[in-house]
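Nothing here was measured: the structure is a model prediction, and the numbers come from that model.
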Amino acid sequence: MPALYCIWALLVLVASPAFAQQVPATRMSGFSIFLQGSPIGHEDVTIQEDANGMVISAQARRSPPAVAASGTIEIRYRADGAPQSVVLESTTEGQQFSLRPRFTDDSAISEGSQGTTPVSKTDPISPRTLVLPTGYFGPHVALGRRLATLNTGDELKAYLAPYAAVVIKITAT
């Protein structure tokens, strides 16, 4: 009988790490957006992490006096911190906007539409560039994580999808 208990204990010890690797760590949060002290919107953010990397998803709504807008975004980063893809769908003052950048080691290739106008653009980027889309705050969690590892004088590369690649220089820590 003691051998049976030992086998069960061994199975539990072997199965636990395997199960833990399969279940991604997921965190969800939400926050209100204020303009000059007045609430103008809300954003819900989900961060999922596993051995393949990180996925940041956000759903936002803003109303007057700011520009009325709503939409969703999903940013995928590979395990090495490099951007993999972005899916952005939004409506701003009744106009649909869709953007789907994909990334190589040196390019951000953006395809989508703004209303009925197609959007197609390729921008040079650096490896491990952060994606910081305008109009969404949740994806900036990746910025916070990178900043925590940098020192004064370091530089951080970011892509303000779909506008331009920028360099952020750390002037103080």
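- The structure places CG of Leu156 at 8.5 Å from OG1 of Thr129, a figure rounded to the nearest 0.5 Å.
- Interatomic distance, CD1 of Ile33 versus OG of Ser38, reported as 13.5 Å (0.5 Å rounding).
- In the hydrophobic clustering of this structure, Val141 does not group with Val55; members are Ile, Leu, Val, Met, Phe, Trp, Tyr whose side-chain heavy atoms approach within less than 4.5 Å, directly or through other members.
- Although no hydrogens or angles enter the test, the distance criterion places a donor-acceptor pair under 3.5 Å between the side chain of Tyr136 and the main chain of Thr72.
- Counting only heavy atoms from C-beta outward, the side chains of Pro162 and Glu111 never approach each other to under 4.5 Å.
- Taken to the nearest 0.5 Å, the OG atom of Ser85 stands 6.5 Å off from the CD atom of Glu74.
- Atom CZ in Arg61 sits 14.0 Å away from atom OG in Ser90 (nearest 0.5 Å).
- Side-chain contact between Val45 and Phe31: present, with at least one pair of heavy atoms (C-beta onward) separated by less than 4.5 Å.
- One N or O on the side chain of Arg128 and one on the backbone of Asp80 form a donor-acceptor pair closer than 3.5 Å.
- Linking ILVMFWY residues whenever their side-chain heavy atoms come closer than 4.5 Å, directly or via other members, places Val131 and Val119 in the same cluster.
- Ile40 has its side chain out of reach of Phe34: every pair of non-hydrogen atoms, C-beta onward, lies at least 4.5 Å apart.
- Proximity of a side-chain donor or acceptor of Lys157 to a complementary backbone N or O of Leu130 within less than 3.5 Å is not detected.
- Residues Gln48 and Met54 are not in side-chain contact: their nearest non-hydrogen atoms beyond the backbone lie 4.5 Å or more apart.
- In the hydrophobic clustering of this structure, Leu99 groups with Phe137; members are Ile, Leu, Val, Met, Phe, Trp, Tyr whose side-chain heavy atoms approach within less than 4.5 Å, directly or through other members.
- At a threshold of 4.5 Å between non-hydrogen side-chain atoms, the residues Ile75 and Ile73 count as touching.
- Screening Arg78, Arg145, Arg76 against Glu49 for a salt bridge (charged side-chain N to carboxylate O under 4.0 Å, His left out) leaves a single residue, Arg145.
- Between Ile109 and Thr104 the shortest side-chain heavy-atom distance falls below 4.5 Å.
- There is a side-chain donor-acceptor pair under 3.5 Å between Arg100 and Ser98.
- Annotation: side chain of Arg62 is not in contact with side chain of His42 (no heavy-atom distance under 4.5 Å).
- Side-chain atoms of Tyr159 never come within 3.5 Å of backbone atoms of Ser107 as a donor-acceptor pair (strictly under, hydrogens ignored).
- Heavy atoms of other residues, nucleotides or ligands lying less than 6.0 angstrom from CD of Gln36 number 12 at most.
- Between the side chain of Arg146 and the main chain of Gly81, a donor-acceptor pair closer than 3.5 Å is present.
- Residues Leu88 and Val67 fall into different hydrophobic clusters, defined by Ile, Leu, Val, Met, Phe, Trp and Tyr side chains chained together at heavy-atom separations under 4.5 Å.
- No single ILVMFWY cluster, assembled from side-chain heavy atoms under 4.5 Å apart, contains both Tyr163 and Val86.
- Looking at heavy atoms from C-beta onward, Leu132 lies in side-chain contact with His140 at the 4.5 angstrom threshold.
- We find the NZ-CG distance between Lys169 and Asp154 to be 9.0 Å, quoted to the nearest 0.5 Å.
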